[in-house]
Amino acid sequence: MDKEHCSTDVEHEILRRLARIEFTLLQIVRMRGLRLTRAEMCERLGVTSHTITFRVRRGELPRPGADGKWLLSEVIEWEGRCD
């Protein structure tokens with residue numbers, strides 16, 4: 001087996017494991033129902049509160065719940081779609 005093929009196999013295995021870890025983390029987050037405040041969303045995304053409001057209005061971010069917080073599982077899924 002040549003180096004290039006071996007490298008591809010290793011990369012594929014790493015990506016497979018990362019996907020499994022992401023799936024497991026998402027399941028845990030869903031079960032726990034963890035929620036993020038506006039400040040936590042700002043920190044997570046590296047933006048201001050105004051930017052959060054603007055992006056939510058434009059449909060670029062998930063909407064917060066009635067309590068003004070975001071369900072972490074929805075945020076993680078949204079982040080996955082943005083990659």
Side-chain angles (χ1 to χ4, degrees):
M1 187 180 293
D2 62 14
K3 273 187 170 183
E4 186 176 317
H5 183 71
C6 185
S7 233
T8 303
D9 288 345
V10 170
E11 290 170 5
H12 178 72
E13 179 63 16
I14 290 170
L15 291 174
R16 188 184 70 74
R17 288 181 182 190
L18 284 173
R20 196 164 67 205
I21 290 167
E22 180 182 22
F23 175 79
T24 302
L25 176 62
L26 195 51
Q27 294 298 89
I28 292 168
V29 168
R30 279 189 184 126
M31 287 188 301
R32 303 246 357 240
L34 299 174
R35 303 181 75 71
L36 299 177
T37 65
R38 179 171 290 269
E40 290 168 328
M41 279 292 284
C42 290
E43 184 177 333
R44 184 178 185 94
L45 301 176
V47 298
T48 66
S49 182
H50 175 75
T51 300
I52 295 279
T53 301
F54 179 74
R55 289 184 178 174
V56 167
R57 285 183 183 158
R58 290 187 57 182
E60 296 172 2
L61 280 175
R63 289 199 166 283
D67 62 356
K69 295 180 181 179
W70 285 261
L71 194 58
L72 181 55
S73 61
E74 290 178 1
V75 173
I76 292 171
E77 288 175 352
W78 170 79
E79 288 171 338
R81 289 191 302 267
C82 293
D83 289 343

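These numbers come from the heavy atoms of this one structure, side chains and all, not from hydrogens, waters or symmetry mates. Along the sequence shown, the residues carry numbers beginning at 1.
- Checked against side-chain contact (heavy atoms from CB on, under 4.5 Å), I14 has the following partners two or more places apart in sequence or in another chain: V10, L18.
- In this structure, L61 and L45 approach most closely via the heavy-atom pair CD2-CD1, 3.7 Å.
- A donor-acceptor pair is defined here as one N or O able to donate and one able to accept, closer than 3.5 Å; no such pair exists between the side chain of R38 and the backbone of G68.
- In this structure R17 satisfies the side-chain hydrogen bond (donor to acceptor under 3.5 Å, both in side chains) test together with E13, sequence neighbours excluded.
- Note on V56 and W78: same hydrophobic cluster, where clusters join Ile, Leu, Val, Met, Phe, Trp and Tyr whose side-chain heavy atoms are under 4.5 Å apart, directly or indirectly.
- Listed by first and then second residue, the side-chain hydrogen bond (donor to acceptor under 3.5 Å, both in side chains) pairs involving residues 61-71 are R35-D67 (not counting sequence neighbours).
- In this structure, CD in E40 is found 9.0 Å from CG in L72, a value given to the nearest 0.5 Å.
- For the atom pair CE (M41) and OG1 (T51), the distance works out to 11.5 Å, reported to the nearest 0.5 Å.
- With sequence neighbours left out, the side-chain hydrogen bond (donor to acceptor under 3.5 Å, both in side chains) criterion links T24 to no other residue.
- Take R57 and apply the side-chain contact (heavy atoms from CB on, under 4.5 Å) test, not counting sequence neighbours, and it matches T53.
- With sequence neighbours left out, the side-chain contact (heavy atoms from CB on, under 4.5 Å) criterion links E43 to no other residue.
- In this structure, H50 NE2 and R55 CZ are separated by 11.0 Å, a value rounded to the nearest 0.5 Å.
- In the hydrophobic clustering of ILVMFWY residues, with side-chain heavy atoms under 4.5 Å counting as a link, L71 and L34 come out apart.
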